[in-house]
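See below for the structure under consideration.
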Amino acid sequence: MTKRLAEVAKKAGVSEATVSRVLNGRSGVSEATRASVLTALDVLGYERPTKLRGERGRLVGLVLPELQNPIFPALAEVVTASLAQRGFTPALCARTIGGVPERDYIEMLLDHQVSGVVFAGGSYALADAEHGHYRQLLDRRMPVVMVNGGVDNLGFPHISTDDAVAVEQAYGHLRSLGHEQIGMVMGPEDHVPSRRKLAAVKRVAGWSGPASQWPVERTNFSMESARLAATRLIQRGVTAMICASDVLALGSIRAARRLGLEVPRDVSVVGYDDSALMTCTDPPLTTVRQPIELMGQAAVDVLVNQIEGAAATTDELLFEPELVVRGSTAPVPHRAAAAS
């Protein structure tokens with residue numbers, strides 16, 4: 001008990017006597033100090049006394065699908081900083097292959113009496129995935145914000161980049177360079193943002209006929225699966241590719257090189273995210289930038305408004321992307337132009 005009091009006191013920046021008063025429900029402690037002690041207790045993983053378990057602390061969960069894609073750490077940096085400015089402590093939950101599933105993270109966060117949860121790229125983004133575990137959050141009336149597109153009717157607000165505009169920008173750029181054979185390296189078939197991107201390119205490119213004939217390859221968002229997908233597209237004759245993430249774009253560049261081709265001389269590649277270090281790749285990556293800072297701040301604003309009692313809106317806030325042209329795109333190869 002003494003060790004626990006000392007750890008909580010250090011984390012909260014108060015005396016052990018103050019921690020003891022909070023845990024025993026005694027008076028003489030300000031609400032701000034009381035909240036700090038309860039949050040420290042939650043962060044350190046200690047169970048609250050029974051009489052305090054029904055109260056939410058100032059802890060907010062941030063659930064990410066992975067940390068290998070640089071866009072998710074970038075989002076986490078913005079969200080955690082914004083939460084700290086509002087007096088909340090973030091609890092980062094990053095899913096990994098074979099690790100803790102999203103359902104278990106939700107139960108863990110509920111056990112710790114969090115004030116709210118921010119999700120990025122969870123099961124809600126997959127139409128065919130199980131979504132029943134989100135019901136627990138609705139039943140508890142938990143403030144929640146989901147970043148990027150997902151299935152309808154979950155009852156939570158979404159903060160998203162406009163996928164249709166992103167594709168229009170990338171496709172228009174490649175067409176201006178003379179490319180006509182443009183392929184897509186996308187996520188799984190049930191991935192909602194990928195569905196939106198495909199719907200947009202179908203419209204602007206005028207694709208018709210069976211979807212199986214479209215120049216589209218699916219991936220699981222890993223670099224190796226992107227390499228295999230891009231290899232198939234190049235073998236089908238595309239001269240340019242639009243990818244659903246920067247990681248997929250880098251895998252596509254690797255595919256071209258393994259086939260003895262150069263980017264952008266023989267094949268042009270456009271990414272999506274504009275994550276860290278894309279200016280340092282070889283070649284620097286042309287990509288569609290998500291406004292991560294604005295989106296992260298908006299997610300925190302929407303969440304905190306809910307925590308403070310505002311009614312949750314189920315509307316989706318769409319943010320405008322920006323095409324960033326670098327060195328991975330160039331005019332269509334002369335051989336391809338002549339053939340067409």
Side-chain angles (χ1 to χ4, degrees), residues 35 38-67 72 75-76 79-80 82-83 86-160 188 190-193 295-296 298-317:
L38 293 177
T39 298
L41 202 71
D42 294 337
V43 170
L44 292 170
Y46 291 124
E47 287 190 11
R48 297 185 180 197
T50 303
K51 59 180 174 293
L52 299 177
R53 290 179 188 172
E55 303 179 23
R56 292 177 182 168
R58 294 183 68 80
L59 190 68
V60 170
L62 174 57
V63 184
L64 304 177
E66 58 165 311
L67 292 176
F72 292 115
L75 176 66
V79 170
T80 55
S82 297
L83 286 171
R86 300 293 194 94
F88 292 91
T89 300
L92 179 61
C93 304
R95 297 162 54 204
T96 57
I97 296 176
V100 178
E102 189 175 59
R103 176 187 300 275
D104 291 350
Y105 272 135
I106 288 177
E107 294 179 357
M108 186 186 310
L109 292 170
L110 289 175
D111 287 343
H112 280 80
Q113 303 295 330
V114 295
S115 295
V117 185
V118 177
F119 289 92
S123 300
Y124 63 89
L126 300 173
D128 297 338
E130 170 60 41
H131 304 123
H133 51 287
Y134 297 120
R135 174 60 59 181
Q136 300 177 69
L137 299 170
L138 285 174
D139 292 343
R140 298 279 192 96
R141 297 184 179 180
M142 177 66 63
V144 169
V145 175
M146 293 177 165
V147 180
N148 277 338
V151 297
D152 296 329
N153 304 319
L154 285 181
F156 301 118
H158 285 257
I159 306 292
S160 306
D190 68 330
H191 183 243
V192 174
M295 292 171 64
V300 172
D301 288 342
V302 172
L303 187 76
V304 172
N305 286 340
Q306 293 180 65
I307 293 172
E308 294 177 347
T313 174
T314 57
D315 294 338
E316 182 174 21
L317 299 179

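Surrounding CZ of Arg86 are more than 12 heavy atoms belonging to other residues, nucleotides or ligands, all under 6.0 Å away. No more than 12 heavy atoms of other residues, nucleotides or ligands shown are found within 6.0 angstrom of CG on Asn153.
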Handout entry: Working for side chain to side chain contact (heavy atoms under 4.5 Å, CB included), residues Met142 and Val114
Key = CA-CA 9 Å; Met142 177 66 63; Val114 295; 4.0 Å; yes
Exercise for the section: May I have the step-by-step check of ring-ring contact (aromatic ring centres under 6.0 Å, His included) for Tyr124 and Phe156, ending in yes or no? Expected result: CA-CA 10 Å; Tyr124 63 89; Phe156 301 118; 9.0 Å; no
Exercise for the section: Start with the C-alpha gap between Glu130 and Arg103, add the side-chain angles, then the distance that decides, and say whether side chain to side chain contact (heavy atoms under 4.5 Å, CB included) holds. Expected result: CA-CA 10 Å; Glu130 170 60 41; Arg103 176 187 300 275; 3.4 Å; yes
Problem - Worked verdict on Leu83 versus Thr89 for side chain to side chain contact (heavy atoms under 4.5 Å, CB included) - result: CA-CA 7 Å; Leu83 286 171; Thr89 300; over 6 Å; no
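Of all heavy-atom pairs between Pro157 and Val302, the closest is CG-CG1, 3.8 Å. Closest heavy-atom contact between Val145 and Leu303: CG2-N, 3.7 Å. For the residue pair Leu154 and Leu138, the shortest heavy atom distance occurs at O-CD1, 3.4 Å. When all heavy atoms of Pro65 and Ala120 are compared, the closest pair comes out as CD-O, 2.6 Å. Nearest heavy-atom pair across Ala299 and Val147 is CB-CG2, 4.2 Å. Scanning both residues, His131 and Ser123, for their nearest heavy atoms gives NE2-O, 3.1 Å.
Annotation: the span from Leu64 atom CG to Leu75 atom CG amounts to 6.5 Å, rounded to 0.5 Å. Taking OG1 from Thr313 and NE2 from His158, the interatomic distance works out to 11.0 Å, rounded to the nearest 0.5 Å. Taking CZ of Phe72 as the start and CG of Leu67 as the end, the distance is 9.0 Å to the nearest 0.5 Å.
Between Tyr134 and Glu102 there is a side-chain heavy-atom pair separated by less than 4.5 Å. Leu110 has its side chain within reach of Leu137: a pair of non-hydrogen atoms, C-beta onward, lies under 4.5 Å apart. Two residues are said to be in side-chain contact when any heavy atoms from C-beta on lie closer than 4.5 Å; Ile159 and Glu316 fail this criterion. Using a 4.5 Å heavy-atom threshold, the side chains of Val63 and Val118 count as separate. Taking the side chain as every heavy atom from C-beta outward, Leu126 and Val192 never approach each other to under 4.5 Å.
For the pair Thr80 (side chain) and Pro90 (backbone), a donor-acceptor distance under 3.5 Å is absent. Between the side chain of Asn305 and the main chain of Ala310, no donor-acceptor pair closer than 3.5 Å is present. With hydrogens and angles ignored, the 3.5 Å screen pairs a side-chain donor or acceptor of Gln306 with a backbone N or O of Val144. In this structure, the side chain of Arg58 does not engage the main chain of Ser115 through any donor-acceptor pair within 3.5 Å. Side chain of Tyr105 to backbone of Gly61: no donor-acceptor contact under 3.5 angstrom is found.
The only member of Ile106, Leu62, Asp104, Leu109 that meets side chain to side chain contact (heavy atoms under 4.5 Å, CB included) when paired with Cys93 is Leu109.
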